[in-house]
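Below is one structure, written out as structure tokens, with a few remarks after it.
When reading the values below, keep in mind they use all heavy atoms of this one structure, side chains included, and skip hydrogens, waters and symmetry mates. Because the structure is a prediction, the values reported are computed rather than measured.
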Amino acid sequence: MIRRHGLFLLSCLLAFTAGHMFNYTVILYLQEAVGSDLLSGLGFGLAFGSSIVFGWFAGVVCDRVAPGRVIHAAQAMFLVGLACLWWADSGAVIGLRPAWALLGAFAGGLAWSFVGPARLTTLGQIASAAELRPLTILFNLQVLIGFGLAPLVIGLVRTRTGWPAVMAVDALAFVASSALLIGLKTHANPTPSVSSVWADIAEGFRTVGAAPLLRQLMIATVIAYAMTGPMQILLPKLARQELGLSEAQRGAYLGLMAFCLIVGGVLALMLARRLHHGHTILGGVVVGSLLFALLSIVSTPMLSALVLACVGVTGGMVVSLVVSGIQGQAPQGVRGRVMSMYAITSQVLPAMSGLAAGVLVGQVGLRPAIAASGLALAAVALLAALAMPALRRHPGH
């Protein structure tokens, strides 16, 4: 399987590493060069939250057009975004730098809206029925590794040079990712749609709504990704304010999460045939949420890191099993629209829940916010487990 699809998986690793590098570049450039946390947050919202608007259309396009072509177009749009960021840093007058950077972030947001659904739709076309679930877990592993690698690559490049070199490395990664897919053969739906775009979007919703297991997997996706926003917002504050970690120690503490997400993805791949997927997904969300809440009362750095590692491993397993389950249940004719729903959730929910966590910490303080976030999500997951019998019974193999 890896031999047959190795080029595609390597292309995914390069693309998602480059995509997360793009996001970090937008955030850090607006923080450091422009000096605005407000614009930094707006830039991140444009770069990673635009799929709430454009992701629905992306799903339709991936069903109407060969998804391989959509991948190339989306990655070309990332290059447009990088060109805007480069101009903001190297060519624009100082007063226009924020505008060019935000324009670049918007171009990246358009690219993110299409690249995830297109790659997931491609996966459904190139994999055999037996390969689809394990290959989807491998795909998700590339996403997690890319998420972890991106800040490391930026840090390595910036220790030697400046932002233009970071942008150049990012652009080269996108070009190499597209080059690896030159021989890839994908196709549009054999039966062309004669409906409007809105009718096609509605058909995607009807498809998910009519399949109990697929619908409940989507709900599980919403609950699982709702945890990532509080983690991204609250953990840096916990490391700095409560645990008293140095800059290097904070980096290691936060990097542990990315590493353990990858470990969880690897475990999901290794144990997929032995685990009951429904029990693991629902139980994993509950346990992970309770462990996150536990961080509110842990005061020693080592014990906090151990709990955080368990949260990461659990989260990596849950997300990998959820996306492989959705991929396995998605009908071929509407796969692009179904997978776009997953991609939208994975990008928008962290931003929304992170915003809510930011408001909560301002109202009640850091440790109560961590406890409340974890306990609330654990309660939601328990209620969902009771209300979703199809997922409870889902063995996954």
Geometric class of the Phe16/His20 ring pair [parallel <30°, tilted 30-60°, perpendicular >60°]: tilted
same_hphob_cluster(Val287, Phe292) at 4.5 Å side-chain heavy-atom cutoff: yes
Atom of Gly284, atom of Thr314 and distance for their closest heavy-atom approach: O-CG2, 3.0 Å
Spacing of Met341 atom CE and Ser346 atom OG [to the nearest 0.5 Å]: 13.5 Å
Which atom of Ala15 lies closest to which atom of Phe174, heavy atoms considered: O-CE2, 3.7 Å
Interatomic distance, Thr300 atom OG1 to Leu306 atom CG [nearest 0.5 angstrom]: 9.5 Å
Side-chain donor-acceptor contact under 3.5 Å, His394 with Gln216: no
Any donor-acceptor N/O pair, Arg392 side chain to Ala385 backbone, under 3.5 Å: yes
Distance in Å, Arg133 CZ paired with Ile326 CD1, rounded so as to fall on 0.5 Å steps: 10.5 Å
Trace of the side chain to side chain contact (heavy atoms under 4.5 Å, CB included) decision for Val166 with Tyr29: CA-CA 11 Å; Val166 172; Tyr29 179 78; over 6 Å; no
Separation of Arg119 CZ from Thr186 OG1 (nearest 0.5 Å): 11.5 Å
Residue list, salt bridge (Lys or Arg N to Asp or Glu O under 4.0 Å) with Asp63, at least two apart or on another chain: Arg337
Transitive ILVMFWY side-chain link Val263 to Leu13, under 4.5 Å: yes
Derivation and outcome, side chain to side chain contact (heavy atoms under 4.5 Å, CB included), residues Leu102 and Leu30: CA-CA 9 Å; Leu102 292 175; Leu30 287 169; 4.0 Å; yes
Check: Tyr225 and Val319 side chains under 4.5 Å, non-hydrogen atoms: yes
Contact check, side chains of Ile370 and Pro230, non-hydrogen atoms, under 4.5 Å: no
Closest non-hydrogen atom pair between Ser353 and Ala226, with its separation: OG-O, 3.0 Å
4.5 Å side-chain heavy-atom contact, Phe22 and Leu85: yes
ILVMFWY cluster, Leu256 and Leu294 together (side-chain gap under 4.5 Å): no
Side-chain heavy atoms of Ser113 within contact of Phe57, under 4.5 Å: no
Backbone N/O of Leu217 and side chain of Thr221: donor-acceptor pair under 3.5 Å: yes
Members besides Leu172 in its Ile/Leu/Val/Met/Phe/Trp/Tyr cluster (side-chain heavy atoms under 4.5 Å): none
Exam field: side chain Gln327 to backbone Leu120, donor-acceptor pair closer than 3.5 Å: yes
Rounded distance [0.5 Å steps], CG in Leu282 versus CG in Leu391: 4.5 Å
Sub-4.5 Å side-chain heavy-atom contact between Leu79 and Val175: yes
For the student: nearest non-hydrogen atoms of Ala384 and Ile223, plus distance: CB-CD1, 3.6 Å
Transitive ILVMFWY side-chain link Leu261 to Val286, under 4.5 Å: no
Salt bridge (Lys or Arg N to Asp or Glu O under 4.0 Å) partners of Arg367, counting only residues at least two apart: Glu242
Interatomic spacing from CG in Leu271 to OG1 in Thr280 - rounded to 0.5 Å: 9.0 Å
Residues that Val53 engages under side chain to side chain contact (heavy atoms under 4.5 Å, CB included), provided they are two or more places apart: none
Check: Arg273 and Pro134 side chains under 4.5 Å, non-hydrogen atoms: no
Single-linkage hydrophobic cluster Ile297~Leu303, side-chain heavy atoms < 4.5 angstrom: yes
Close side-chain approach of Met21 to Met167, heavy-atom, < 4.5 Å: no
Side-chain touch Phe8/Leu181, heavy atoms, less than 4.5 angstrom: yes
Heavy-atom closest pair, residues Val364 and Ala369: CG2-N, 3.8 Å
Between side-chain atoms of residues 135-155 and protein atoms elsewhere (two or more places apart, or another chain), which donor-acceptor pairs fall under 3.5 Å?
| from | atom 1 | to | atom 2 | distance (Å) |
| --- | --- | --- | --- | --- |
| Thr136 | OG1 | Leu132 | O | 2.6 |
| Asn140 | ND2 | Ser320 | OG | 3.1 |
| Gln142 | NE2 | Leu138 | O | 3.1 |

Atom CZ of Arg158 with >12 non-hydrogen neighbours under 6.0 angstrom: yes
Side chain to side chain contact (heavy atoms under 4.5 Å, CB included) assessment of Val311 paired with Met231: CA-CA 10 Å; Val311 174; Met231 288 171 60; 4.1 Å; yes
Donor-acceptor under 3.5 Å (Thr17 side chain, Leu14 main chain): no
Non-hydrogen atoms of Cys84 and Gly104 that approach each other most closely: CB-CA, 3.5 Å
Side chain to side chain contact (heavy atoms under 4.5 Å, CB included) partners for Val70, two or more places apart: Val61, Cys62, Val65, Phe114, Ala118
Candidate pair Val348 and Ile344, rule side chain to side chain contact (heavy atoms under 4.5 Å, CB included), full reasoning: CA-CA 6 Å; Val348 174; Ile344 290 166; 4.0 Å; yes
